[in-house]
Every structure is written in structure tokens, then in C-alpha cells.
Amino acid sequence: MNKIRLATIWLDGCSGCHMSFLDMDERLIELAPYFEVVYSPYVDTKEFPQNVDLTIVEGALSSDHDLEMIKKIRANSKLILALGDCAITGNISAMKNLYGSEAVLQRGYFELADMNEENRYPSTVVPKLLDRVIPLHEAVKVDYFLPGCPTPADAIYEMIHALINGTTIDISKYTRFGK
Ligand code: SF4
């Protein structure tokens, strides 16, 4: 059996959806034989690889780095699954859109961090914020959407199980937006 080359990544998310993935608990052992994890916060690969079968993406797109990554992911993945409400709608991450990126930087780097004008926020190591936080599908084609905040472990399991077996499921039985 050829193993499914699996990647997972969080972009502008809180990592809660990746925690839910781990909450599949012993079911991870059942799924493990089907997958080779080629890129993920769970492993130590530094560069996103080529020829990935399935990439699970948590989080919205908030910075030029996120945008560059999702384009690289799309170019190298047969299937993309948007995991969680941030990836699908922007959700919590898109609250920045209420005030704009400049206001967020002012708040984070000057008001909360108590920095002065000489210590302007880094411009070479911190990715530039986009003017507007966007969900994945506004930048690239997304093949599957799995809502929830976080997406429950049962929903992730049922979705992956269906993908392995080539079956369809009614995902509304397992999750919904905001759940
Ligand atoms: S959908 Fe919720 S749990 Fe998932 S990354 Fe966004 S805020 Fe975190």
C-alpha cells in the first residue's frame, strides 16, 4: 500500500485545531499506517516538500508569509483541506479587519509592548501584514472544508476516514461553524 503523503500547517490560527487533531487519541494509531507525515508542526521538516497528497491547513491568511505559503502548498498538494473556521471564514483572526493592520501593529508593538518611536517594529524578520485577513479560498482553490472552532476530533477522524475509503459523509453530524 502506498502511504498518503500528509502535510499539516497552521498559518494565522491559534493551534487549537491542531490540538483537536491530536485529540483523536488512540484513533491516531489506527490512521498512522495510512500516512507518511512529510511536513507538520508535529515533525521537524523545515521546507514544504513536493508531491504532497493531502495538506490540512489551519488558520487564515494574515501576512505576506501566509500568502506565499498557501501558494507553495497549492502548487505542491493534490488536495487541500481547510481545517477550522479561521481557515474557512477568517473567524477570530479576521477580527483585525475591524481596525486594520496599522492599528494592530500600533497596539501590539507600541501600546502593549511599551516601545518608543526609535524602536519601531521589526521590518525584516516579521512578515508584513496584509491589509485584510482573508480565508484560504480567497487565495487558492480549496478542496475540502471542515468547520468548527476548534473542529472536533470526531469530525477530523470521520473526514480522514472517508478520504481514505473514498466515501462521502454528512459532516454536519459531527461539526458546525463555531462549535
Ligand atoms: S478555528 Fe478556532 S481553534 Fe481553530 S485556529 Fe481558529 S481560533 Fe483556533
Side-chain angles (χ1 to χ4, degrees), residues 4 6-28 31 35 37-46 48 52 54-74 76-77 79-101 103-105 107-109 112 126-163 169-179:
I4 297 162
L6 173 71
T8 82
I9 186 170
W10 64 58
L11 296 173
D12 192 2
C14 74
S15 79
C17 288
H18 268 74
M19 295 302 116
S20 267
F21 191 99
L22 294 180
D23 282 343
M24 285 193 281
D25 298 329
E26 71 276 6
R27 289 172 293 185
L28 289 168
L31 296 175
F35 292 99
V37 182
V38 293
Y39 184 92
S40 174
Y42 307 132
V43 298
D44 198 27
T45 317
K46 302 290 187 236
F48 195 86
V52 178
L54 171 65
T55 300
I56 296 175
V57 184
E58 167 193 321
L61 308 174
S62 295
S63 68
D64 55 0
H65 172 264
D66 295 339
L67 206 47
E68 188 183 315
M69 276 308 299
I70 198 66
K71 287 178 182 170
K72 185 183 281 190
I73 289 165
R74 182 69 276 177
N76 291 287
S77 307
L79 296 170
I80 290 178
L81 187 158
L83 179 66
D85 293 353
C86 291
I88 299 172
T89 68
N91 194 35
I92 304 288
S93 306
M95 288 173 72
K96 291 191 200 88
N97 293 347
L98 293 171
Y99 302 100
S101 56
V104 169
L105 290 170
R107 180 78 174 145
Y109 281 94
L112 296 180
V126 175
K128 186 173 182 305
L129 293 181
L130 302 177
D131 291 338
R132 199 175 131 260
V133 176
I134 56 173
L136 306 187
H137 69 270
E138 287 195 24
V140 296
K141 175 177 174 282
V142 173
D143 301 284
Y144 298 104
F145 298 87
L146 195 50
C149 182
T151 308
D154 287 349
I156 300 172
Y157 172 78
E158 295 296 339
M159 184 83 187
I160 291 178
H161 200 260
L163 286 172
I169 53 169
D170 177 3
I171 203 63
S172 66
K173 285 185 186 165
Y174 305 100
T175 187
R176 58 176 166 74
F177 286 102
K179 185 169 182 178

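Any value given below was found using the heavy atoms of this structure, including those in side chains, with hydrogens, waters and symmetry copies removed. Quick caveat: nothing in here was measured; it's all calculated off a predicted structure. Both counts, for ligands and for their atoms, begin at 1 and track the order of listing.
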* Asked: If you measure from the Lys or Arg side-chain nitrogens to the Asp or Glu carboxylate oxygens, is any gap between Asp154 and Arg27 under 4.0 Å?
  -> yes

* Structure fact -> For atom 4 (Fe) of ligand 1, the closest protein heavy atom turns out to be Cys17 SG, 2.4 Å

* Pull out every atom of ligand 1 sitting under 4.0 Å from any heavy atom of Glu58, numbered as shown with elements. => 5 (S)

* Atom indices of ligand 1 within 4.0 angstrom of Gly148 heavy atoms, with elements -> 1 (S)

* To do: For Pro150, take its heavy atoms, then give the atoms of ligand 1 lying under 4.0 Å from any of them.
  => 3 (S)

* Taking non-hydrogen atoms only, is Thr151 closer than 4.0 angstrom to ligand 1 via side chain, backbone, both or neither? -> neither

* Regarding Asp170 and Ser172, is there a side-chain donor-to-acceptor distance under 3.5 Å anywhere? -> yes

* **Reference residue Glu58; test side chain to side chain contact (heavy atoms under 4.5 Å, CB included); the match among Ser20, Ser15, Cys86, Pro150** => Ser15

* Does ligand 1 have an atom that lies less than 4.0 angstrom from a heavy atom of Ser93? -> no

* Asked: When Ile70 is tested against each of Ile134, Val142, Leu61 for side chain to side chain contact (heavy atoms under 4.5 Å, CB included), which residue passes?
  -> Leu61

* To do: Check for a donor-acceptor pair, side chain of Thr175 on one end and backbone N or O of Pro152 on the other, with a separation under 3.5 Å.
  => no

* Structure fact -> Residue, atom and distance of the protein heavy atom nearest atom 1 (S) of ligand 1 read Asp85 N, 3.4 Å

* Asked: What residue and atom, counting heavy atoms only, is the protein's closest point to atom 6 (Fe) of ligand 1, and at what distance?
  -> Cys86 SG, 2.3 Å

* Salt bridge check: are Asp143 and Arg74 linked by an N-O gap of less than 4.0 Å? -> yes

* Asked: Which protein non-hydrogen atom lies closest to atom 2 (Fe) of ligand 1, naming both residue and atom, and how far is it?
  -> Cys149 SG, 2.3 Å

* To do: Tell me, please, if Cys14 has any N/O/S atom, main chain or side chain, under 2.8 Å from atom 4 (Fe) of ligand 1?
  => no

* To do: Answer yes or no: is there a side-chain heavy-atom contact under 4.5 Å between Thr8 and Leu6?
  => yes

